[in-house]
Amino acid sequence: MLNHSFRFTHAITRRPSASIIDGLRAVDVGAPDLALMQAHHADYVVALRSTGARVVELAGLTAYPDSVFVEDTALCLPEGAVVMRPGAPTRRGEAAEMAPHLAALYGEVLTLAGPGCIEGGDILTTETEILVGRSARTNADGIAELVRLVTPWGHTVREVLTPPGVLHFKTDCSVLDTATILATPRLDASGCFKGYRVIHTAPGEDACANTIRFNDLVIMPQGFPRTADTLSKAGYNIRLVGNSECAKLDGGMSCLSLRFTPRA
Ligand code: CIR
C-alpha cells in the first residue's frame with residue numbers, strides 16, 4: 001500500500017489515568033501533573049483528527065499506569081495487527097487490553113506468544129522495511145517470532161540496536177516520508193539508516209526525535225525550536241503538542257497512538 005508508513009485512516013489512543021504518577025521512568029524528575037497531561041493529550045487527539053482520521057479514544061486504565069502509551073501494545077500493518085508482548089512485566093497486561101479493540105477494526109489480529117518480547121516503541125515501519133531495535137524491552141526471540149508472523153504478509157524485518165541507555169529505538173527516530181528519517185546523531189552514527197535521507201535533530205534537541213508523521217502533519221513535542229525550524233524549511237507541516245508530562249515518564253509523540261489503515 002502506497003505511503004503506508006505515514007498515511008493512516010485510523011488511530012487508537014488511551015486517556016491518561018490518575019495512576020500515571022506510578023508510571024515507569026528511567027530517572028525520577030518529579031511526578032507528572034495529570035491535568036496538564038490530559039490537556040496535552042486532548043491537543044494531540046485534536047491534531048490527529050484534524051487530518052481527517054478516525055481516532056478512537058479509549059478510557060484510562062487505572063490498573064496499568066503506563067497504558068496511555070498504547071504504541072507499545074501492537075504493531076499495526078495494512079494486512080493486520082500483531083499484539084506485542086511488552087518486555088516490562090508491569091505492562092504485559094496492556095497488550096491483552098488492546099487486542100479486542102484492534103480485532104474490532106481489523107480483519108486479522110495475531111499475537112506474539114513469547115517467550116520473547118517486543119514493545120512497539122522499538123519498531124520503526126518505513127515504506128520498505130520494518131526495523132526492530134533490540135533493547136532492554138525487546139529481545140532477539142521476540143524479533144524472530146515477529147519475522148515468522150509478518151513475513152507471510154510480504155514484510156521484511158531488519159534487526160537493529162537501540163542505543164544503550166535509550167528506552168526504545170523510536171525514542172531516537174521517526175519516519176518523515178517515504179525516504180526520510182528524523183534521527184538523533186547518536187542513532188544515525190550506528191549506520192542503521194544507510195540508503196535513507198536522514199535529517200538530524202539539532203544539538204541539544206535529541207528529545208524531539210520522537211515525532212510522528214501522520215498524514216499531512218508532522219506532530220512534534222513543543223520546545224525544540226531549531227529542529228522544528230529545520231523541518232519546516234524542509235517543507236513539512238509542523239504541529240506542536242506539549243509533552244512535558246509524558247517526558248517525565250520517557251514518553252513522546254509516537255507512544256501515544258497506534259496508527260493504521262485496516263485493509264477493507
Ligand atoms: C515505559 O517506561 O514503558 C513508559 N513509561 C514509557 C513508554 C514510552 N513508549 C514509547 O516510547 N513507545
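All ligand and atom numbering here is 1-based and tracks the order in the structure. Just so you know, these numbers use all the heavy atoms, side chains as well, and skip hydrogens, waters and symmetry mates. Worth saying up front: this structure is predicted, and the values here are computed from it rather than measured.
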N/O of [X] under 3.5 Å from N/O of ligand 1, yes or no?
X	value
S254	no
F69	no
L249	yes
E119	no

Do the non-hydrogen side-chain atoms of W153 and E108 ever get within less than 4.5 Å of each other?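 Sidechains of E108 and W153: in contact.
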Is F8 close to T51 at the side-chain level, that is, under 4.5 Å between some pair of heavy atoms?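 No, side chains not in contact.
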Take E145 and R148 through the salt bridge (charged side-chain N to carboxylate O under 4.0 Å, His left out) test and state the conclusion after the steps. CA-CA 5 Å; E145 188 181 353; R148 291 195 293 278; 5.0 Å; no
Out of T126, T180, T178, which one pairs with Y196 under the side chain to side chain donor-acceptor pair (under 3.5 Å) rule?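 Of T126, T180, T178, side chain to side chain donor-acceptor pair (under 3.5 Å) with Y196 is met by T126 alone.
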Is there a donor-acceptor contact under 3.5 Å from the side chain of E57 to the main chain of T13?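 Checked: no pair found.
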Yes or no: does T171 have any heavy atom under 4.0 Å from an atom of ligand 1?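 False for this residue.
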Heavy-atom nearest neighbour of atom 1 (C) of ligand 1 within options R25, E94, R137: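 It is R137 that holds the nearest heavy atom.
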Any idea which protein heavy atom is nearest atom 9 (N) of ligand 1, and the distance to it?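 It is D72 OD2, 2.8 Å.
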Closest approach of any protein heavy atom to atom 10 (C) of ligand 1, naming residue and atom: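 Nearest protein contact, heavy atoms only, for atom 10 (C) of ligand 1 is C255 SG, 2.8 Å.
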Ignoring hydrogens and angles, state whether a donor on the side chain of D206 or T184 is under 3.5 Å from an acceptor on the partner side chain.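 The criterion, which ignores hydrogens and geometry beyond distance, is not satisfied for T184 and D206.
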Ion pair R137/D122, N-O distance below 4.0 Å: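 Salt bridge absent between R137 and D122.
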Would you mind listing which atoms of ligand 1 come within a distance below 4.0 Å of any non-hydrogen atom of D66?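 What qualifies from ligand 1 is 4 (C), 5 (N).
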Report the part of D250 (side chain from C-beta onward, or backbone N, CA, C, O) that has a heavy atom under 4.0 Å from ligand 1; answer both or neither where that applies.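 Near ligand 1, D250 shows its backbone, while the atoms from C-beta on stay back.
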